[in-house]
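A short worksheet on the structure shown next.
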Amino acid sequence: MDFEFRDTPKLAKFRKEVRAWLDLNMPMDFEIPDNPHDVLPHSAKYEFILKARHALGAKGWLAPTWPKEYGGGGLSMEEAAIVEGEVAQRPWSRFGVGDFFPSTITQFGVQIYAIGTEEQKKRFLPPILKGEIIRWNGSTEPDCGSDLAAVKTTAIRDGDEYVVNGTKVWLGTQYDNADYIQLIAVTDPKAARHHNIGLFCVPVGLPGISKVRLPMIRNCHTSGWQMFFDNVRVPVEYLIGGHENATNAWRVLSTATRFPQPNMGWSVRDRNQEFVLDYVRKTKRDGQLLSQDPDVREALVETEIQLEINRLFGMRQNWIAMTGKRLVGYEATQATLQGKVTTATQAEAYADILGPAALIKDPEWALFDGNIEYKHFAPVAMASAGITQEVSKMIMTRWACRVGD
Amino acid sequence: MDFEFRDTPKLAKFRKEVRAWLDLNMPMDFEIPDNPHDVLPHSAKYEFILKARHALGAKGWLAPTWPKEYGGGGLSMEEAAIVEGEVAQRPWSRFGVGDFFPSTITQFGVQIYAIGTEEQKKRFLPPILKGEIIRWNGSTEPDCGSDLAAVKTTAIRDGDEYVVNGTKVWLGTQYDNADYIQLIAVTDPKAARHHNIGLFCVPVGLPGISKVRLPMIRNCHTSGWQMFFDNVRVPVEYLIGGHENATNAWRVLSTATRFPQPNMGWSVRDRNQEFVLDYVRKTKRDGQLLSQDPDVREALVETEIQLEINRLFGMRQNWIAMTGKRLVGYEATQATLQGKVTTATQAEAYADILGPAALIKDPEWALFDGNIEYKHFAPVAMASAGITQEVSKMIMTRWACRVGD
Amino acid sequence: MVDLALSEAQEIIKRTAHDFVEREFPAPLAIEVNESEKGFSPELWRKMADLGWVGMILPEAYGGTGSSFVDMAVIFQELGWAALPSPLLSSGVLCGLTISEGGTEQQKKRLLPSIAKGQRILALALTEPDYGWGPETVKLTAKAKNGKFVLNGTKRYIPDVHIADQCICVARTSQGADPQEGITLFLVDKSAQGLSCRDMSAGAQIGEKLNELAFDSVEVDHSAVIGEVDKGWQVLSPVLEKATPVLCAYMVGGIQRAWEMAVSYINTREAFGRTIGSFERIQDHVIEIVNALDSARWTTYEALWKIDEQKPGITKSVTLAKIVSSEGYRKAVDLTSRIHGAAGVDTRFVLYQYIKKSRSFYHYLGGPMALRKRMAHLLFND
Amino acid sequence: MVDLALSEAQEIIKRTAHDFVEREFPAPLAIEVNESEKGFSPELWRKMADLGWVGMILPEAYGGTGSSFVDMAVIFQELGWAALPSPLLSSGVLCGLTISEGGTEQQKKRLLPSIAKGQRILALALTEPDYGWGPETVKLTAKAKNGKFVLNGTKRYIPDVHIADQCICVARTSQGADPQEGITLFLVDKSAQGLSCRDMSAGAQIGEKLNELAFDSVEVDHSAVIGEVDKGWQVLSPVLEKATPVLCAYMVGGIQRAWEMAVSYINTREAFGRTIGSFERIQDHVIEIVNALDSARWTTYEALWKIDEQKPGITKSVTLAKIVSSEGYRKAVDLTSRIHGAAGVDTRFVLYQYIKKSRSFYHYLGGPMALRKRMAHLLFND
């Protein structure tokens, strides 16, 4: 057994290269704007992220472990971890490394890789993996969320095109514009559930697409979009894989470990925990250091325990991916669940310890540049993002309970 | 609003009478045997409980609020609370007042009252309410617990008798012998589920009944029984109400508040909590009073909070019963659930605070005469007793979620 | 004798209040007012004052109606149900009671009638950067100088003061071994020289505007002192205690509304071919909400009853109620949000207002971590 | 580089151990042995010793095999899976390591080979009525007198000592400001004059027999001292630390078995016309068990790996593993019992043995409340 990431001489050399490259392309002295979680279009941060992402992408480091032929870095897991670790140690990474490694890769890229034709992989993956394009996720509808097979949007074949009609919600919650929509739609309303849904890569500029803003709980001032598809004609080449493949694509996604998410944090301590530990070590309340308050101590012990389990589950995910032993299992879902539990534990503990200061966002008074406030609302804002805990448990049940085996 | 039990002059007089009666009939100096939770037949405690119960029953105080015509005390809720409170303050009540107010009344009595014929009420209720007889609960079967409608035991009418065949488990977990079995059995195997089950009061002496012991987790040395019914012929007069009434009888029971359980504890502090509070106030570990350990304090604050909520839910139950406003609701089930949550919180907290001493039962070393050990295992031993939390939630769902409304 | 029902008169108050908020403060308005710059509707405030709610627990002799705390809480529960923001707790309860219990006859005559009518709005300025609700946290100084007092220091996280005419500033006039001694209450005009008020809640998701009040050599007359010099805590402490379960009632109303939203949604929203209310995981969330609701409700009303009837154990009951309400409100809205999926984070949905309020009231008048410590002190008499 | 798999050699050890307990210790025997008067099977113990398990982490020079802690833990996990009781932790790990790390050459030669062969059984007598696992809890005195030491005091909650030949008694020889100083370890014969051993666990539902050892002027020679006089804690402390994750592995095995029982039951038991595994409330219990299992598993093995590789942060990892394992084991068996309904409290069902063991190991080598304090000290370097 080995629980340690350790640089071999070869890896140490690689690390030096990574550092040098980052110094050159993503310098340490980039000025961090206020409210680091705000991603306003054309804001300094937005521009910086785009620039940084393009640079990382061009180098192949946005998708470090993916094959080079598709625009990935062709790196080993160990090398990928070095890239992530070094990025995470830069001061500007307090934005969250997720901003640099977008879900366009970790979600849409994985799906195209899993079910796309060779031609589609060659066409769509390189710009995705190089960070040149952003896709919005067009899965959820007003009446369909967790139960994706219940989508009502239709895409009916008409000659060499699919005609799309329907409404999607909560697109573009992270980025204010996109190149494509990752769209699922019913291709045959009469066919059986789960066997009648297609996955499309829809260019946003097609006629018949319109959108309105959906404001949402979050600590950035952005929001999501509601998008309307009114007889949008999508050429058949934008259908990814077969016309009934979307369910498989999502199943792959919910359990995929082939390309581990780079922000698994297996080599990086949680920055919020570090901030709060440091804060209570230095801050006095009524003449006593907060770190001497037994309740503060116990609350931070509990967050530490959850974070440690989270770290180990993340390490296990990456190890499974590295060894290529299993493509699916309950472990990925368990890690996701533990992540949500950990975040909730942190959110409550930090608010208990820090009082109303944990709720303040104004740069003058906010703690840790607003990260604490951001963290506090993350469990609420992100409860349904990607997957709800309830649906995670449905998935986990299959393996954990051996139900149906 | 009024949250207080307060003696009016009339009630103060009644309290004096109760005290005098208890002094005479259940004297303070009764010697408490070791292992107070052991109810071995013919043990000193067993004999004492029987004697005490008969005395209380003869006085009508075992079922203080029930009509006198059926053997109850005809008392008001306020008077009943006085009886309970005074019994609970006697040293020997550390056995738990539940030993004096048996489930034969609170379960079987309620069912007979709810669905029995007037003749059956007149016949069965008086000996039950006077504590002269004990019934064992013959509901659960090896393959049927929470889902009572799935009983396999049959009771097929043959002339003036029902012929009973089947197996029941977990009878007599509190008492080692009984007069009757509260039995549910299918009266018509072909009829619809829930509409084919009869409730019987079966005399234990009938030919064809046999039994073996079932050892179980508990802190008394007793156990349950498994009972076999082999062509037992039960006269038709022992069928309570109609031959398809058992489901109703159980539904009444799970939500009934007409006759509140006397051991709702609305006027009595939890004795274990009192013991532990007292213990940590007096006991030093490494030279420091346990009550000065912040973790001990916080653990007991949490048990106190749960106990207070428990007390208020119990008060509400008795108030609902007193005002006769509702016969059914989610509140009774909520109170039961809160009771189980509270007990589990106590069990864990006391073990955390007291260490392995909480697990010791030997009289030489046990804490609080073994009550702490008893409390520790109660959440496990009693998890399925009466009703599981899972089924409680099923019942609570109907009202709390308005599902099906 | 135990009676957990509201009296007939209270039922009428409850119906009146419920009808009022349903009619005057429907969800769209709740969003609009709460999201407005001041987070306040002067029009609604006037109507509430006209209904007599502002002076409800103030003495009849000074324009109030001398009602019970349970009466007042019945109204607060409905205000909380509607998420209606107002300075009622600050002005009508905290400051009104402080003046009524600690003020001179002259102060009462001068201030209480206009407070009761809602014409004068007061806010309590107690908490400081070193956040807490005990006397040891009061560090803002008031020094006697030339027959006046000069106030220097900073108050933070103060609600309602941005719309107030005056504030009651809790200041330290002397420092001894006992932090309860040496505290003095001052009535300070918002327009006083050297006093500045800034909104701390910009961009934040908190239900009430929180302000910083900076006192830079603010001079006040001796007549501004409420109660005795150095003995202010003795006036304020019981007021804080009495106001707490009133706030809890507001939170109970919020939990009630969260439950109603949850029940309504789970019985209409479908997933996997069923209404989501048929899933046990969803049902269990609702059961947790109901448990939070009833726990908060009964601990709160017991505390209020003890205050009205002057029963022993008020501190323990109030502490219990605030712990249970703070934790329960947050849990209830978070679960309601989860039940709603992505719809639960749509800020056009009124639930968002409740999520924010659950946060701002979580610590107000004392957060669970501090109150659990207090509960331990009560359990161990130390 | 990160590799969470067992080595091929460890996989063989695991299979061997699993086959052994499946063949030699089926559920009926698990009940019989655990419920027997001594809670011990000498026959199984001999077989375990023959397999080389007892001396596994003892040096080869003294009859051991010098294996790694992970190797040892692989076996403990299978023993825990089977709920097999033995003095392996007491004799082969705690006492064996103490002698191996603190004993003289002579002591090692004399004691270790027979310990490794299982012919000599030792138990550790550390805890006292004032229960705890730190040096400050050691109050039993050893006073030098006529070239001997005289031991007086009481040890409590000591497992395995009733079947041991000797015990290592942790005694206080001097008292200074630092409680870690002044502790001495003595090897004491069970038959020593003045030493009495009594079973404290009569009637109790604890997985291991716990004993009281009363020392009434027990005299021992200087040669009985292991390590230096007054410096015993320095020997014992790292041994306790290393033994802890080995115990955790036993608990991980128990959780694994609880999960298997739960999965088996929910897929066969029916209620309301369905297997109970189709109910979300039941599924959630199993998910909680799996989360407890994996949390305990990975924290435990990381701690063991750190010990084997002498990595920094051993104390934190060990503390974490024991907190997570203690809490997880209890939760897992309680949920498995609940899943089984009344069948879960039938003591003829082997689950009962796991319920008892989850209790007795909960506090052994440190309970969560004390360990969370230690974790705080580590976080804040105080």
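Numbered from 1 within each chain, the chains take letters A, B, ... in sequence-line order. Note that these values count all heavy atoms, side chains included, but never hydrogens, waters or copies made by symmetry.
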* Asked: Ile183(C) and Leu236(C): side chain to side chain contact (heavy atoms under 4.5 Å, CB included), yes or no, with the steps?
  -> CA-CA 10 Å; Ile183(C) 288 175; Leu236(C) 188 61; 6.0 Å; no

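If you take CD1 on Ile289(D) and CG on Leu335(D), they are separated by 5.0 Å, rounding to the nearest 0.5 Å. Here CG of Leu365(D) is found 9.0 Å from CG of Leu126(D). Values are rounded to the nearest 0.5 Å.
For Ala125(D) against Ile158(D), the heavy-atom pair with the smallest separation is CA-CD1, 3.8 Å. Residues Ala171(C) and Val138(C) share a closest heavy-atom pair of C-CG1, 3.8 Å. Annotation for Gly328(D) and Ile255(D): closest pair C-CD1, 3.8 Å, computed over non-hydrogen atoms.
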Geometric donor-acceptor pairs, no angle filter, chain D-chain C, under 3.5 Å:
from      : atom 1 : to        : atom 2 : distance (Å)
Glu280(D) : N      : Glu280(C) : OE1    : 2.9
Glu280(D) : OE1    : Glu280(C) : N      : 2.9
Glu280(D) : OE1    : Arg281(C) : N      : 2.6
Glu280(D) : OE2    : Arg281(C) : NH1    : 3.4
Arg281(D) : N      : Glu280(C) : OE1    : 2.6
Arg281(D) : NE     : Asp284(C) : OD1    : 2.6
Arg281(D) : NE     : Asp284(C) : OD2    : 3.3
Arg281(D) : NH1    : Glu280(C) : OE2    : 3.4
Arg281(D) : NH2    : Gln283(C) : OE1    : 3.0
Arg281(D) : NH2    : Asp284(C) : OD1    : 2.8
Gln283(D) : OE1    : Arg281(C) : NH2    : 3.0
Asp284(D) : OD1    : Arg281(C) : NE     : 2.6
Asp284(D) : OD1    : Arg281(C) : NH2    : 2.8
Asp284(D) : OD2    : Arg281(C) : NE     : 3.3

